[in-house]
2 protein chains.
Amino acid sequence: MIYLDEAATTPVKREVLEAMWPYLGPEFGNPSSHHEVGEAAREALERARADVASVLGARASEITFTSGGTESDNAAVKGIALASTGRHVIVSAVEHPAVLESAAWLGRIGYDITVLPVRPDGGVEPRTLAEALRDDTAVVSIQLANNEVGTIQPIAELSRITGKRGVPFHTDAVQAAGWLDLDVDRLGVQAMSISGHKLGAPKGIGILYVRRRVPCEPLLHGGGQEAGRRSGTENVAAAVGIAAALRLAGGLADDVVRRRDAFIARVLAEVPGAELTGHPVARLPGSASFVFPGRSGESILLDLERRGIVSSSGSACAAGSDEPSHVLTAMGCPAEIAQTAVRFTFGRGTTAEELDRVADELAALGA
Amino acid sequence: MIYLDEAATTPVKREVLEAMWPYLGPEFGNPSSHHEVGEAAREALERARADVASVLGARASEITFTSGGTESDNAAVKGIALASTGRHVIVSAVEHPAVLESAAWLGRIGYDITVLPVRPDGGVEPRTLAEALRDDTAVVSIQLANNEVGTIQPIAELSRITGKRGVPFHTDAVQAAGWLDLDVDRLGVQAMSISGHKLGAPKGIGILYVRRRVPCEPLLHGGGQEAGRRSGTENVAAAVGIAAALRLAGGLADDVVRRRDAFIARVLAEVPGAELTGHPVARLPGSASFVFPGRSGESILLDLERRGIVSSSGSACAAGSDEPSHVLTAMGCPAEIAQTAVRFTFGRGTTAEELDRVADELAALGA
């Protein structure tokens with residue numbers, strides 16, 4: 001099987017499982033317990049936190065472990081908005097539902113929500129953000145890279161605009177983690193979300209970065225763990241796992257970009273009518289997404305799966321839904337064309353031969 | 001080492017890890033993905049849900065997997081209150097902080113909160129609940145059993161009172177799971193929280209039961225997983241794990257009760273001044289809790305730990321805090337006596353010999 005749906009989820013890396021293993025076994029303590037069993041767990045948790053902070057160029061005290069990307073997005077968008085005196089929230093139209101629906105909930109309890117349009121390549125035009133900012137804007141949330149079309153947003157440029165106005169900027173880096181620079185100072189962001197299972201750690205663990213002095217109402221109240229930022233016994237094993245995965249994931253991806261571009265070029269040349277979606281250059285190394293006007297995306301997926309190639313039409317969250325992708329629609333893609341979308345998302349281990357196989361099959365199908 | 005802090009956390013059972021293992025390895029799919037990899041994960045998740053539902057006497061569609069007991073408590077108390085037209089919430093004074101702080105947050109956003117007093121044995125007097133109910137009561141949350149003193153609440157009796165008024169009843173069953181009957185119809189509850197790591201499953205997984213037709217605003221918005229009740233990619237491996245742990249945990253605990261009572265009797269007889277906290281009979285099989293007036297709880301814990309016995313002063317969440325236990329204080333225990341508390345919480349595998357060792361050491365310390 002050739003698995004090209006890494007934007008949905010990734011296998012857990014062997015080194016990650018090995019790092020986690022002691023904390024699923026003998027080192028089972030509750031990090032809040034003040035005895036030797038608890039202290040071993042506490043030390044592992046704090047080492048993991050320091051490792052994550054180091055990758056983000058952040059302080060350890062700014063890192064909270066959550067249950068995943070969705071919780072991190074909810075905690076950041078709702079938490080910063082609820083802690084603010086402002087009652088206006090800005091998100092982009094191509095955000096993950098975890099951000100869009102968090103904003104929609106804020107809208108239902110009385111906040112004003114501005115959804116920024118995007119260009120046909122999926123990018124947010126900095127000018128539209130500048131024009132949308134208000135004196136009462138509580139938080140801006142724009143993703144680092146898109147899950148469906150791979151477009152990378154100019155976060156450093158966008159955050160300079162909000163920075164001048166003193167408005168906190170959250171970025172959903174769930175898809176970007178493992179591929180792009182996550183340094184929070186270079187990005188200029190006040191908050192960031194990361195998910196474990198998109199980068200070789202297990203499901204059920206995420207990271208929320210919130211810069212110190214940025215008020216953020218907790219989503220989970222209770223025992224006051226994570227310095228009060230997120231109550232609930234910490235998932236030590238998975239925290240160790242996501243820290244290991246982040247450490248392993250760094251490094252250049254130029255070779256992946258080359259393989260991706262060769263694959264994109266073949267598909268565009270050999271599959272009649274195929275069009276690339278998203279930005280041609282500012283896109284995730286492991287993302288190649290297309291529409292095939294006149295075809296059915298679903299039937300392409302099924303044909304490929306019969307040939308041992310696993311891909312998807314868009315986000316897993318929306319899989320099976322009859323609704324056209326909100327991302328492609330926001331990019332100006334008509335609904336009937338959006339329904340022909342197929343996304344191939346791959347990892348550093350995906351070979352040129354595998355991608356050639358996929359291009360061969362697509363070309364054969366497209367005949 | 002003799003580990004007697006199972007109310008803080010438990011080792012993951014071997015059978016639980018073995019059940020989880022495939023889903024940390026080859027079966028890594030996202031249950032929302034509509035391809036073979038996703039479908040294998042989806043099937044495992046739904047089998048786990050059906051297993052949990054069977055233990056609770058519930059429908060599978062009423063079971064939501066969460067990240068733990070704290071999330072379940074937050075989701076139930078806040079979710080039912082936010083979805084209600086009522087603006088009054090009732091909790092008991094001995095609830096876990098996840099319930100108390102969720103109620104406190106609701107108080108900060110405008111709800112009226114009634115905190116029910118308890119008797120000196122930790123039990124809620126049904127009459128006090130009946131008197132506290134109002135026409136605008138949105139939800140009542142009273143735990144099935146207490147984490148610090150083991151007292152079991154008369155939930156079936158309490159829920160009959162709320163049932164007559166049509167008020168939803170949530171019970172935090174985090175400490176009770178694995179020991180007590182969790183049948184939601186016999187308990188008469190509309191919502192229940194369970195945590196994995198208290199019963200031999202890993203940290204980072206919990207269960208939220210909400211009876212159908214009871215409105216509950218989600219805590220996590222996004223991709224609409226768990227039929228919209230809790231967005232975020234499901235933690236398949238841990239869901240399989242908590243289902244396995246619940247299945248394994250059933251059965252009579254009469255032998256544990258006998259060992260516990262023999263241990264309590266020895267401590268009361270042989271340690272000068274020792275007093276049992278909590279209810280003498282209506283208490284968790286694996287819970288023996290004491291105060292030792294005139295002694296320091298912390299120094300007893302340290303002395304025991306030097307002798308290879310791990311126990312705690314109360315909840316792990318509050319460990320290291322100088323505040324006296326809110327549970328003991330609510331039971332009428334003066335602060336200076338509350339600070340002498342030591343809790344021994346054990347599992348089905350704890351032997352009579354181990355408990356005798358602990359009683360011996362306590363008697364020696366108490367001399």
Side-chain angles (χ1 to χ4, degrees), chain A residues 1 3 5 8-12 17 24-26 28-30 32-38 66-71 73-74 96-99 101-102 104-105 195 197 202-205 219-225 231-238 301 305 310-312 315-320, chain B residues 1 3 5 8-12 17 24-26 28-30 32-38 66-71 73-74 96-99 101-102 104-105 195 197 202-205 219-225 231-238 301 305 310-312 315-320:
Chain A
M1 185 188 69
Y3 181 75
D5 198 13
T9 196
T10 60
V12 183
L17 267 183
L24 289 170
F28 66 92
N30 182 327
S32 296
S33 295
H34 281 230
H35 48 57
E36 60 191 55
V37 186
T66 71
S67 67
T70 290
E71 183 186 328
D73 283 343
N74 275 258
H96 187 275
V99 166
E101 294 300 323
S102 290
W105 178 78
S195 164
H197 76 102
K203 299 174 185 64
I205 187 75
L219 192 64
L220 299 183
H221 296 94
Q225 288 90 345
S231 291
T233 299
E234 296 94 337
N235 189 346
V236 180
L301 293 178
E305 192 170 351
V310 169
S311 53
S312 70
S315 81
C317 299
Chain B
M1 184 187 71
Y3 181 76
D5 200 12
T9 197
T10 60
V12 182
L17 267 184
L24 290 170
F28 67 91
N30 183 326
S32 297
S33 294
H34 281 230
H35 48 57
E36 58 187 308
V37 186
T66 70
S67 68
T70 290
E71 184 187 327
D73 282 343
N74 274 258
H96 188 274
V99 166
E101 295 300 323
S102 291
W105 179 78
S195 164
H197 76 102
K203 299 174 184 67
I205 187 75
L219 192 63
L220 298 184
H221 296 95
Q225 288 89 345
S231 290
T233 300
E234 297 94 336
N235 188 347
V236 180
L301 293 178
E305 192 170 350
V310 170
S311 53
S312 70
S315 81
C317 299

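Excluded from the calculations below are hydrogen atoms, water molecules and symmetry mates; all remaining heavy atoms, backbone and side chain alike, are included. Order of the sequence lines fixes the chain letters, A, B, ..., with proteins taken first and strands second; residue numbering starts at 1 for each chain.
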> Against chain B, label P202(A) side chain, backbone, both or neither, depending on which of its atoms sit under 4.5 Å from a heavy atom there.
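Looking at P202(A), just its side chain touches chain B.
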> Specify the closest pair of heavy atoms between L24(B) and L24(A), including all atoms of both residues, with the distance to one decimal.
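Answer, listing the atom of L24(B) first, then L24(A): CD1-CD1, 4.4 Å.
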> Which heavy atom of E305(A) sits nearest to which heavy atom of H34(B), and what is that distance?
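Looking at all heavy atoms of both residues, the closest pair is OE1-O, 4.2 Å.
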> Closest approach of P97(B) and G223(A), non-hydrogen atoms and distance?
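For P97(B) and G223(A), the tightest heavy-atom pair comes out as CB-N, 3.8 Å.
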> In terms of heavy-atom proximity below 4.5 Å to chain B, should L17(A) be classed as side chain, backbone, both, or neither?
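Only the side chain of L17(A) comes within 4.5 Å of chain B.
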> Please find the pair of heavy atoms, one from S33(A) and one from D5(B), that lie closest to each other, and give the distance.
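Nearest heavy atoms, S33(A) then D5(B): OG-OD2, 3.6 Å.
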> How close do F28(B) and T9(A) get, heavy atom to heavy atom, and via which atoms?
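Taking every non-hydrogen atom into account, O-CG2, 3.3 Å.
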> Contact part of T10(B) toward chain A, heavy-atom cut-off under 4.5 Å: side chain, backbone, both or neither?
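Interface part for T10(B): backbone (N, CA, C, O).
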> Tell me the closest heavy-atom pair linking E71(A) and L220(B), and the distance in Å.
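Closest heavy-atom pair between E71(A) and L220(B): CA-CD2, 3.9 Å.
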> Who among G38(B), S102(B), G29(B) has the most heavy-atom pairs with chain A under 4.5 Å?
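When all of G38(B), S102(B), G29(B) are compared, G29(B) has the most.
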> Do you know which of P11(A), S195(A), A237(A), A98(A) has the most heavy-atom pairs with chain B at a distance under 4.5 angstrom?
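With the most close heavy-atom pairs to chain B, the winner is P11(A).
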> Could you tell me which portion of S311(A) (side chain, backbone, both or neither) has an atom closer than 4.5 angstrom to a non-hydrogen atom of chain B?
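S311(A) touches chain B through backbone heavy atoms alone.
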> Within the structure provided, determine whether V310(A) and E36(B) are in side-chain contact (heavy-atom separation under 4.5 Å).
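The answer is yes; the side chains approach within 4.5 Å.
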> Can a donor-acceptor pair be found, under 3.5 Å and without considering hydrogens, that links the side chain of K203(A) to the backbone of G232(B)?
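No.
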> Relative to chain B, which segment of N74(A) carries a heavy atom at a distance below 4.5 Å: side chain, backbone, both, or neither?
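For N74(A), the side chain is the part near chain B, not the backbone.
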> Can you say whether E234(A) sits under 4.5 Å from chain B via the side chain, the backbone, both, or neither, judging by heavy atoms?
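Backbone of E234(A) only, per the 4.5 Å heavy-atom cut-off to chain B.
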> Are V37(A) and M1(B) close enough that some pair of their side-chain heavy atoms sits under 4.5 Å apart?
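Contact flag for V37(A)/M1(B) side chains = yes.
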